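Quantities reported herein were computed from a predicted structural model and do not represent experimental measurements. Heavy atoms only: backbone and side chains are in, while hydrogens, waters and symmetry mates are out.
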Amino acid sequence: MATPAFVKRILRTDAFQWAATVPAAVYFQFVLWTGRFDRAPLPIPEPYILAMWHGRLIMLPMLRGTGKPLIALISGHRDGQIISKVGSVFGIQTAVGSSSKGGMRAAREMMRLARDGHSLFVTPDGPRGPRMHINNDGILDLARLTGLPVLPVGVSMQRGRVLRSWDRLMLPGLFSRIAIRYGEPLIVDAAADRAEIAARLSASLTAVQQQADRLVGREPVEPA
């Protein structure tokens, strides 16, 4: 059954989203405090473009570097806005847009911030999938225009729940082992074979996520 229009309006309000943000942020802080991190060292210095599959988007606050605030491209959908607000509590800034709405405006904002030395964050299969497949060239364009390397990252947790959503979204659990792994950085220049780069990025993103899953004893999520 479709969600009534008045309910959708309530869900889109700042008041509702902040009401959902506060307990989510408090819970996530406890996740960080109680987690046992198995974090691989960063293979390159900041700034860069972090790429991660959408199903691990909630883990974003674990990936902030030590330099300027990380800038994340987040969907304007209400779920994306709640995640954006939670991220802001942990010092992560967001640019709102997607492949279907607001993408050019968000890309220009991210390019401006990249010139100022910020690292960027993109989920190449968002906001609607298919799961663990790069669904547009936005991340490749962003890498070419900014000159920043794309750094694949995978995160997994021993405790937590994987939903049956399109992206198999992982909800974090307390007192968990947390594995973070990085893939080989990729450079996208004017001479790059975009199809080859996209295939390498997709394979690397899946490999590092599944590696992180296995490290914490979790059955790896497969692409759709």
*Without swapping roles, check the side chain of Asn135 against the backbone of Gly126 for a donor-acceptor pair under 3.5 Å.*
yes
*Mark yes when over 12 heavy atoms from residues, nucleotides or ligands other than Glu184 sit less than 6.0 Å from its CD; otherwise mark no.*
no
_Donor-acceptor contact present, side-chain Ser88 to main-chain Ile92, <3.5 Å_ = no
*What distance do Leu174 atom CG and Arg159 atom CZ have between them, rounded to the nearest 0.5 Å?*
9.0 Å
_For Glu222, is there any backbone N or O sitting under 3.5 Å from a side-chain donor or acceptor partner on Arg168?_
no
_I'd like to know if the side chain of Thr206 pairs up with that of Trp53 as donor and acceptor (distance under 3.5 Å, no hydrogens or angles considered)._
yes
_Glu46 (side chain) donor-acceptor with Thr66 (main chain) under 3.5 angstrom_ = yes
*Between Ile58 and Leu171, is any pair of side-chain heavy atoms under 4.5 Å apart?*
yes
*Kindly indicate whether the side chain of Arg214, heavy atoms from C-beta on, has any atom under 4.5 Å from the side chain of Pro220.*
yes
_Side chains of Leu186 and Arg200, heavy atoms from C-beta outward: is any pair under 4.5 Å?_
yes
*asked:* Quick check for you: to the nearest 0.5 Å, what is the distance between His54 atom NE2 and Asp125 atom CG?
replied: 7.0 Å
_Can you confirm whether more than 12 heavy atoms, excluding those of Tyr27, are under 6.0 Å from its OH atom?_
yes
_Heavy-atom closest contact (Leu120 atom, Ala114 atom, distance)_ = CD1-CB, 4.1 Å
*Under a 4.0 Å N-O cut-off, is there an ion pair linking Asp38 with Arg177?*
yes
*Would you give the length of the straight line joining atom CD1 of Ile139 to atom CG of Leu73, rounded to the nearest 0.5 angstrom?*
9.5 Å
*Using the side chain to side chain contact (heavy atoms under 4.5 Å, CB included) rule, take Leu50 and Val122 through it: C-alpha gap first, then chi angles, then the decisive distance, then the call.*
CA-CA 6 Å; Leu50 270 179; Val122 178; over 6 Å; no
*Side-chain touch Phe37/Ile180, heavy atoms, less than 4.5 angstrom*: yes
*Shortest non-hydrogen contact between Ser202 and Met132, atoms and distance*: OG-O, 4.0 Å
*asked:* Applying side chain to side chain contact (heavy atoms under 4.5 Å, CB included) to Phe121 and Met110, what does each step give before you reach the verdict?
replied: CA-CA 9 Å; Phe121 173 83; Met110 295 184 83; 6.0 Å; no
*Are the side chain of Asp137 and the backbone N or O of Leu140 linked by a donor-acceptor pair below 3.5 Å?*
no
_For Ile187 versus Ile197, what's the shortest heavy-atom pair and its separation?_
O-CD1, 3.7 Å
*Hey, is the main chain of Ile178 close enough, under 3.5 Å, to the side chain of Ser176 for a donor-acceptor pair?*
no
*asked:* Are Pro124 and Leu205 packed together at the side-chain level, in the sense that at least one heavy-atom pair is separated by less than 4.5 angstrom?
replied: yes
*Just by distance, do the side chain of Ser119 and the backbone of Tyr48 share a donor-acceptor pair under 3.5 Å?*
yes
*Do you know which two heavy atoms are closest between Ala179 and Leu215, and how far apart they sit?*
CB-CB, 4.1 Å
*Would a 4.5 Å heavy-atom cut-off, applied to side chains only, mark Gln209 and Arg56 as touching?*
yes
*Between atom CE of Met52 and atom OH of Tyr182, what is the distance when rounded to the nearest 0.5 Å?*
10.0 Å
*Starting at CG of Leu113, measure out to CD1 of Ile71 and round the result to the nearest 0.5 Å.*
4.5 Å
*Of the non-hydrogen atoms in Leu151 and Ile44, which two are nearest, and what is the gap between them?*
CD2-CG1, 4.3 Å
*Would you check if the side chain of Lys68 reaches a backbone N or O of Asp116 as a donor-acceptor pair within less than 3.5 Å?*
yes
*Locate the shortest heavy-atom distance separating Pro185 from Pro43; write the atom from each residue and the value.*
CG-CG, 4.4 Å
*With side chains defined as the heavy atoms from C-beta onward, is the minimum distance between Val216 and Met157 less than 4.5 Å?*
no
*Would one find more than 12 heavy atoms of other residues, nucleotides or ligands at under 6.0 Å from atom CZ of Phe175?*
no
*Do Val89 and Val86 come close enough that some side-chain heavy atom pair is under 4.5 Å?*
no
*Trp166-Met170 co-clustered via ILVMFWY side chain contacts under 4.5 Å*: no
*asked:* According to a hydrophobic-cluster definition based on side-chain heavy atoms being under 4.5 Å apart (Ile, Leu, Val, Met, Phe, Trp, Tyr only), do Val162 and Val208 belong together?
replied: no
_Under a 4.0 Å threshold between the charged nitrogen and the carboxylate oxygen, would Asp167 count as salt-bridged to Arg128?_
no
*Inter-residue atom distance Leu60.CG - Phe90.CZ, 0.5 Å rounding*: 10.5 Å
*Are Asp141 and Arg194 ion-paired here, with the side-chain N under 4.0 Å from a carboxylate O?*
yes
_Between Arg36 and Gln158, a side-chain donor and acceptor under 3.5 Å_ = yes
*asked:* So does Met62 get a backbone contact from the side chain of Arg39, meaning a donor-acceptor N/O pair under 3.5 Å?
replied: yes
